[in-house]
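Okay, structure first, notes after.
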Amino acid sequence: MPTLKFLPHEVICPEGAEIEAETGESILDAALRNKISIEHACEKSCACTTCHVIVREGFYSLEDAEENEEDYLDKAWGLEPESRLSCQARVADEDLVIEIPKYTINMVSEEH
């Protein structure tokens, strides 16, 4: 099973976290299953940018983003070349190091 290492985030996981993910599982689903509460205002339908993450290591093991995801990523705060929407990025066989950006463009933070 691939390991996902989340870098420390002041609010979501202050000490960082290392979790296991199933191959083919989205980064978001793996995070939520392990109580890492990444925002996902559109309920994983690729209709917002609140689940934006930056894949610091293992980025090229992920399948390429589809056009709809690319269009939304263009609107994400703090966009970087290794940015993905965690609801769309599916884990392959390689370990990942993931950074959750400090901000999202979500106006209201909701518990899911």
Side-chain angles (χ1 to χ4, degrees):
M1 283 185 144
T3 298
L4 307 186
K5 179 179 180 181
F6 287 88
L7 299 176
H9 181 280
E10 187 177 306
V11 175
I12 296 172
C13 54
E15 296 177 20
E18 269 193 38
I19 64 172
E20 289 188 345
E22 298 284 337
T23 300
E25 181 177 30
S26 74
I27 292 172
L28 179 59
D29 285 338
L32 294 174
R33 183 170 44 76
N34 286 276
K35 311 226 182 315
I36 300 171
S37 300
I38 296 175
E39 286 288 325
H40 53 288
C42 73
E43 295 299 323
K44 308 178 206 174
S45 65
C46 195
C48 73
T49 64
T50 59
C51 72
H52 168 229
V53 296
I54 302 162
V55 182
R56 294 291 181 202
E57 292 179 21
F59 177 81
Y60 293 103
S61 70
L62 303 171
E63 289 186 15
D64 291 340
E66 292 187 8
E67 187 175 344
N68 190 38
E69 179 183 357
E70 297 261 353
D71 290 345
Y72 277 101
L73 278 170
D74 287 342
K75 302 171 189 172
W77 183 90
L79 181 67
E80 295 194 19
E82 294 81 22
S83 289
R84 290 298 301 267
L85 297 182
S86 63
C87 70
Q88 299 301 302
R90 302 221 169 263
V91 178
D93 293 325
E94 193 172 315
D95 295 344
L96 304 176
V97 175
I98 300 163
E99 179 180 347
I100 303 168
K102 187 173 183 178
Y103 301 107
T104 72
I105 60 170
N106 196 11
M107 300 301 270
V108 178
S109 180
E110 301 174 14
E111 285 294 317
H112 292 276

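Count residues from 1 along the sequence.
- For residues 19-35, the pairs satisfying salt bridge (charged side-chain N to carboxylate O under 4.0 Å, His left out) are E25-R33, D29-K44, with sequence neighbours left out.
- For residues 4-16, the set of pairs meeting the side-chain hydrogen bond (donor to acceptor under 3.5 Å, both in side chains) definition, not counting sequence neighbours, is empty.
- Here the straight-line distance linking atom CD of E18 with atom SG of C13 works out to 11.5 Å at 0.5 Å rounding.
- S86 places a side-chain N or O within 3.5 Å of a backbone atom of C51 that can act as its donor or acceptor partner.
- Linking Ile, Leu, Val, Met, Phe, Trp and Tyr residues whenever their side-chain heavy atoms come within less than 4.5 Å places V91 and I36 in a single cluster.
- Separation of atoms CD (Q88) and CD (E70) is listed at 11.5 Å; rounding is to 0.5 Å.
- Atom CD1 in I27 sits 12.0 Å away from atom CG in L32 (nearest 0.5 Å).
- One hydrophobic cluster, built from ILVMFWY side chains closer than 4.5 Å, holds both I100 and F59.
- Taken to the nearest 0.5 Å, the NZ atom of K75 stands 8.5 Å off from the OG1 atom of T49.
- The side-chain hydrogen bond (donor to acceptor under 3.5 Å, both in side chains) search around E99 returns R56, not counting sequence neighbours.
- Between C48 and L85, the shortest heavy-atom distance links the atoms O-CD1, 3.7 Å.
- Connection of Y72 to L79 is established within a shared hydrophobic cluster, with ILVMFWY side chains joined at heavy-atom distances below 4.5 Å, either directly or through further cluster members.
- A continuous path of Ile, Leu, Val, Met, Phe, Trp and Tyr side chains, each step under 4.5 Å between heavy atoms, connects I19 with L28, placing both in one hydrophobic cluster.
- Heavy atoms only, all atoms of each residue included: L62 and R90 are closest at CD2-O, 3.2 Å.
- With rounding to the nearest 0.5 Å, the separation of CD in E69 from SG in C87 is 7.0 Å.
- The only option from L96, I12, I38 that meets the side chain to side chain contact (heavy atoms under 4.5 Å, CB included) definition with F6 turns out to be I38.
- Closest of all the heavy-atom pairs between A92 and S61 is CB-O, 3.2 Å.
- Closest heavy-atom contact between C42 and S45: O-OG, 2.9 Å.
- Shown here for S83 and L73, the closest heavy-atom pair between the two residues is O-CD1, 3.6 Å.
- Grouping the Ile, Leu, Val, Met, Phe, Trp and Tyr side chains by contacts below 4.5 angstrom, directly or via other members, places Y60 with I98.
- Around atom CG of D64, no more than 12 heavy atoms belonging to other residues, nucleotides or ligands sit under 6.0 Å away.
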